[in-house]
Enquirer: 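Mind having a look at this structure? Questions to follow.
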Amino acid sequence: MNPIVLTNPLIQHKLSIIRNKKTGTKEFREIIGEIATFLCYEAMSDAELEEVEIETPIGKTKAKQLNENKYAFVPILRAGTGMLDGLINAIPNAKIGHVGLYRDEETLKPVRYYYKMPKDIANREVIVLDPMLATGGSASDTITMLKEDGVKKIKFLCIISAPEGIERLQKEHPDVEIYTASIDEKLNEIGYIVPGLGDAGDRIFGTK
Ligand code: PRP
Ligand code: URA
């Protein structure tokens, strides 16, 4: 099943708060982090666990643990960094790479300005973060760069997606699983998601 859409009522409730234009920066930022944590839990449903022996206060037992060193998070600057804390809460030992991209307002094409990955990125499962999947250009370019670096397994997490972005990602990167809290109606004439939540970067950082 791809994309995987979170249908949990609590997530839908939180989404209604961040969609509201009256919601301020503090609450907006907190909820982006909370939803990101939920997306991370969902994205980890196929994670392989290792059996370890531990001792509880009552006695010895076998338990299952995640090898956190197998993962890397890659937020797309700027807005993707708003999701980062939510993921670090779930997997604190994952490494972090950054991709700097902004959308040219005229062409809507992503323009690259930064790329820095952990040295062993090719050996890690990578979870790419961006709250908005609109035309899909930024996500697709990021995934292409990661594949050029040898990354084999990539997942993409976003808060809100447009059908256009999903279609593009599925066409250009059919191997990448998409996790989202909502698939909205469409893009408007200037490439914004409808109804969406506006400009995620500006709302997270309070820049407008
Ligand atoms: C936004 C968003 C995505 C991109 C999505 O970033 O955070 O990165 O647009 O659009 P796309 O799917 O059409 O590529 P923006 O360019 O506004 O940069 P910012 O995060 O620095 O605000
Ligand atoms: N980027 C955003 O921040 N919001 C949109 O609706 C589309 C792209």
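Every number for a ligand or one of its atoms is a count from 1 in the order of the listing. Just the heavy atoms: all of them, side chains too, but no hydrogens, waters or symmetry mates, feed the values below. Along the sequence shown, the residues carry numbers beginning at 1.
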Enquirer: Write out the protein residues near ligand 2, meaning a non-hydrogen atom under 4.0 Å from one of its atoms, in order of chain and number.
Expert: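 For ligand 2, the residues that come within the 4.0 Å heavy-atom cutoff are Arg103, Met132, Ala134, Gly191, Tyr192, Ile193, Gly198, Asp199, Ala200.
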
Enquirer: Using the test salt bridge (Lys or Arg N to Asp or Glu O under 4.0 Å), find all partners of Lys14 that sit at least two apart in sequence or belong to another chain.
Expert: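 Only Glu34 meet the salt bridge (Lys or Arg N to Asp or Glu O under 4.0 Å) criterion with Lys14.
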
Enquirer: Could you tell me whether Glu68 atom CD has more than 12 heavy atoms of other residues or ligands within 6.0 Å of it?
Expert: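 More than 12 heavy atoms, drawn from other residues, nucleotides or ligands, come within 6.0 Å of this atom.
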
Enquirer: I need the full list of salt bridge (Lys or Arg N to Asp or Glu O under 4.0 Å) pairs touching residues 42-59, with sequence neighbours left out, sorted by first then second residue.
Expert: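 Pairs touching residues 42-59 that pass the test: Asp46-Lys153, Asp46-Lys155.
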
Enquirer: Quick one: do the Thr135 and Arg103 side chains pair a donor with an acceptor below 3.5 Å?
Expert: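 Note: Thr135 and Arg103 side chains miss the donor-acceptor criterion.
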
Enquirer: For Phe156, does the six-membered ring have the charged nitrogen or CZ of Arg168 within the cation-pi criterion, i.e. under 6.0 angstrom from the centroid and within 45° of the normal?
Expert: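 No, Arg168 does not lie over the aromatic ring of Phe156.
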
Enquirer: Mind listing the N or O contacts between ligand 1 and protein, cut-off under 3.5 Å?
Expert:
from, atom 1, to, atom 2, distance (Å)
ligand 1, 7 (O), Asp130, OD1, 2.9
ligand 1, 8 (O), Asp130, OD2, 2.4
ligand 1, 12 (O), Ala134, N, 2.9
ligand 1, 12 (O), Thr135, N, 3.1
ligand 1, 12 (O), Gly136, N, 2.8
ligand 1, 13 (O), Arg103, NH1, 2.8
ligand 1, 13 (O), Thr135, N, 2.9
ligand 1, 13 (O), Thr135, OG1, 2.5
ligand 1, 14 (O), Ser138, N, 2.9
ligand 1, 14 (O), Ser138, OG, 2.6
ligand 1, 16 (O), Arg103, N, 2.8
ligand 1, 20 (O), Arg78, N, 3.0
ligand 1, 20 (O), Ala79, N, 3.0
ligand 1, 21 (O), Arg78, N, 3.3
ligand 1, 21 (O), Arg78, NE, 3.1
ligand 1, 22 (O), Arg78, NE, 3.3
ligand 1, 22 (O), Arg78, NH2, 2.9

Enquirer: What is the minimum heavy-atom distance between Gly86 and Thr37, and which atoms define it?
Expert: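 Closest heavy-atom pair between Gly86 and Thr37: O-OG1, 2.8 Å.
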
Enquirer: Could you tell me whether Glu30 and Lys26 make a salt bridge, using a distance below 4.0 angstrom between a side-chain N and a carboxylate O?
Expert: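 Salt bridge flag = yes for Lys26 with Glu30.
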
Enquirer: Go through Gln170 and Ile178 one step at a time and tell me if the side-chain contact (heavy atoms from CB on, under 4.5 Å) criterion holds.
Expert: CA-CA 9 Å; Gln170 285 180 328; Ile178 305 166; 4.2 Å; yes

Enquirer: Looking at Arg112 and Asp141, is there a salt bridge between them, counting it only when a charged N and a carboxylate O are closer than 4.0 Å?
Expert: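 Arg112 and Asp141: salt-bridged.
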
